J.: 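Supplied in structure tokens, the structure appears directly below.
Not measured: the values here are computed from a predicted model. The figures that follow rest on heavy atoms only: side chains count, while hydrogens, waters and symmetry mates do not.
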Amino acid sequence: MTDTRIKPIVMPKWGLSMAEGKVTGWLKPEGTAIAIGDEIVEVETDKIAGVVEAGDAGVLRRTLGTPGTVYPVKALIGVLADADVPDAEIDAFVAAFAVPEEAGAGEEAAGPRYEFVDTPAGRLRYARRGEGEKTVVLVHGFGGDLDNWLFNIDALAGAATVYALDLPGHGQSDKAVGEANLAFLSGALIAFMDALAIPRAHLVGHSMGGAVASASALEHPERVASLALIGSAGLGPEINSGYTDGFVAAGSRRDMKPVLEQLFHDPGTVTRQLIEDILKYKRLDGVDSALTALSANLFPAERQTHVLADRLKQTDAPILVVWGETDRVIPAAHAGALEGRATVEVLPGAGHMVQMEKSGRVNELLLDHLKR
């Protein structure tokens, strides 16, 4: 019988494609009392560096993951236990621990990581997780893709059927972006929902994706059960065009690295592999023209073309607004644009990619939002 006073800390699975991760450093020493949500250990994947937060409370009795070492998903890297649990019982727990079968080949056999659907806006890539009664659609930002939700999609899948798509011009979706305006992107989102027979969904949008979700809610209110806007465009006029223009112009690792570092509170979050993956995407046919057109039409000269806050105040759907306090792309002050109409939370220690840097808290907020 399992001793419930002993809780494993395992290598997390962040997103559909993660198979292993590298422990880069422990943030707490052995013997530290840990509360739920405390940041315990830093992990680096082939996509990004992140922090594992405690899902249980207890004392950190073992730090098994060696910094610099790669471990498979769900491998035991640490142990939490009540202070009165004997060391011998913890040793026995460690010796008996086995990586769950579903963390390996069985999960790969369960189905494809990504799928594609043909729509009037082109062929779009997406991921689907969960089987819940509610439906959530995750919409990424400028230059991003569905992997921007790798710390969130599985957490939300416990409460809903969750879709994350690559917008036109992004990821592995078709690169044509029509007139490269908000109406086209919003239409593409609704076309995606039509193609997959999604009558109504909770839309979660990050950055440009927040403006896309907002426009969809304004033009098709019957299709939107709620809005969650994360570091969202469309709530105020200012934007750091140095980021969007820099992203479009960067063609080398040296140029791209400082651009991507603007996305995070901790610039060290940007890995070499993340930079290489984005440069590889940017070399695809059609990407340069798509991003250039979108940047010029949506974010010219440090301004946002569309400010939707006043119109959103007149809508009926529940709205959640989440921001990183040190956002260097879109000012955190924009979070107050819907004050009184929306639930608003600004998270310290996070930048523009707050859904990655503070994924535990963001997931809590989203799950609570879905209950409304």
Side-chain angles (χ1 to χ4, degrees), residues 2-15 18-87 89-100 103 149-156 158 264-271 274 322 324-326 345 347-351 353-367:
T2 303
D3 190 336
T4 58
R5 299 177 300 163
I6 304 176
K7 300 105 175 176
I9 303 168
V10 301
M11 178 61 65
K13 182 170 179 61
W14 289 328
M18 181 177 171
E20 61 186 17
K22 179 170 70 176
V23 172
T24 57
W26 286 90
L27 301 176
K28 307 287 186 184
E30 287 187 0
T32 302
I34 302 296
I36 292 174
D38 282 356
E39 297 180 344
I40 306 176
V41 59
E42 294 177 329
V43 167
E44 183 177 301
T45 76
D46 62 350
K47 292 288 185 185
I48 201 165
V51 175
V52 177
E53 297 178 351
D56 297 287
V59 175
L60 183 57
R61 300 287 295 274
R62 296 285 189 278
T63 55
L64 304 170
T66 303
T69 303
V70 175
Y71 297 90
V73 164
K74 304 300 183 184
L76 185 68
I77 59 173
V79 177
L80 290 174
D82 293 349
D84 60 350
V85 175
D87 285 342
E89 291 186 21
I90 295 175
D91 292 339
F93 177 86
V94 171
F97 188 88
V99 177
W149 304 105
L150 60 84
F151 295 165
N152 317 105
I153 188 169
D154 287 321
L156 299 179
F264 299 94
H265 176 78
D266 177 8
T269 303
V270 177
T271 65
L274 175 62
V322 182
E325 189 175 61
T326 60
E345 185 146 347
L347 302 181
M353 302 300 289
V354 61
Q355 80 275 23
M356 290 184 165
E357 293 187 280
K358 295 296 179 183
S359 58
R361 180 56 182 157
V362 171
N363 292 338
E364 287 177 2
L365 290 167
L366 289 171
L367 289 169

J.: Identify the heavy atoms of Ile6 and Glu89 that sit nearest to each other, and give their distance.
T.: CD1-O, 4.0 Å
J.: Once you round to the nearest 0.5 Å, how far does CD of Glu364 lie from CD1 of Ile36?
T.: 9.0 Å
J.: Decide yes or no for Glu20 and Tyr71: does some side-chain heavy atom of the first lie under 4.5 Å from some side-chain heavy atom of the second?
T.: no
J.: Would you give the length of the straight line joining atom NZ of Lys22 to atom CE of Met11, rounded to the nearest 0.5 angstrom?
T.: 10.5 Å
J.: Can you list everything that forms a salt bridge (Lys or Arg N to Asp or Glu O under 4.0 Å) with Arg62? Sequence neighbours excluded, please.
T.: Asp91
J.: Closest approach of Asn363 and Ala155, non-hydrogen atoms and distance?
T.: ND2-CB, 3.4 Å
J.: Of the non-hydrogen atoms in Gln355 and Val362, which two are nearest, and what is the gap between them?
T.: CA-CG2, 4.0 Å
J.: Show your reasoning for whether side chain to side chain contact (heavy atoms under 4.5 Å, CB included) applies to Val10 and Phe97.
T.: CA-CA 11 Å; Val10 301; Phe97 188 88; 3.9 Å; yes
J.: Checking the side chain of Thr45 only, and the main-chain atoms of Gly21 only, is there a donor and an acceptor separated by less than 3.5 Å?
T.: no
J.: Side chain of Asp82, backbone of Asp84: donor and acceptor closer than 3.5 Å?
T.: no
J.: Do you know the tightest heavy-atom contact between Trp26 and Ile77?
T.: CZ2-O, 2.9 Å
J.: Counting only N and O atoms by type, is there a donor-acceptor contact under 3.5 Å from the side chain of Thr66 to the main-chain atoms of Thr69?
T.: no
J.: Is there a side-chain contact between Thr269 and Met353 in this structure, where contact means two heavy atoms from C-beta onward sitting under 4.5 Å apart?
T.: no
J.: Test salt bridge (Lys or Arg N to Asp or Glu O under 4.0 Å) on Glu39 and Lys358 and set out the steps.
T.: CA-CA 10 Å; Glu39 297 180 344; Lys358 295 296 179 183; 3.1 Å; yes
J.: Determine, step by step, whether Leu80 and Leu60 satisfy the side chain to side chain contact (heavy atoms under 4.5 Å, CB included) criterion, reporting the C-alpha distance in whole Å, the side-chain angles of both residues, the deciding distance to 0.1 Å, and the verdict.
T.: CA-CA 5 Å; Leu80 290 174; Leu60 183 57; 4.2 Å; yes
J.: Please report the closest heavy-atom contact between Arg5 and Lys7, naming both atoms and the distance.
T.: O-NZ, 3.9 Å
J.: Should Pro8 and Phe93 count as side-chain neighbours, where that means a heavy-atom distance under 4.5 Å?
T.: yes
J.: Looking at side-chain heavy atoms only, is the closest gap between Ile9 and Leu76 below 4.5 Å?
T.: no
J.: When Ile34 is tested against each of Ile40, Asp56, Val59 for side-chain contact (heavy atoms from CB on, under 4.5 Å), which residue passes?
T.: Ile40
J.: With a 4.5 Å heavy-atom cut-off, do Val51 and Val41 have their side chains touching?
T.: no
J.: Between Val322 and Leu365, is there a side-chain heavy-atom distance shorter than 4.5 Å?
T.: yes
J.: Mark yes or no for whether Asp38, through its side chain, and Glu53, through its backbone, hold a donor-acceptor pair below 3.5 Å.
T.: no
J.: How close do Ala54 and Ala35 get, heavy atom to heavy atom, and via which atoms?
T.: CB-O, 3.5 Å
J.: Does the side chain to side chain contact (heavy atoms under 4.5 Å, CB included) test come out yes or no for Phe151 and Glu357, once each step is laid out?
T.: CA-CA 9 Å; Phe151 295 165; Glu357 293 187 280; over 6 Å; no
J.: One pair to check against side chain to side chain contact (heavy atoms under 4.5 Å, CB included): Val354 and Arg361. What are the steps and the verdict?
T.: CA-CA 9 Å; Val354 61; Arg361 180 56 182 157; over 6 Å; no
J.: Any side-chain donor-acceptor pair under 3.5 Å between Thr63 and Glu30?
T.: yes
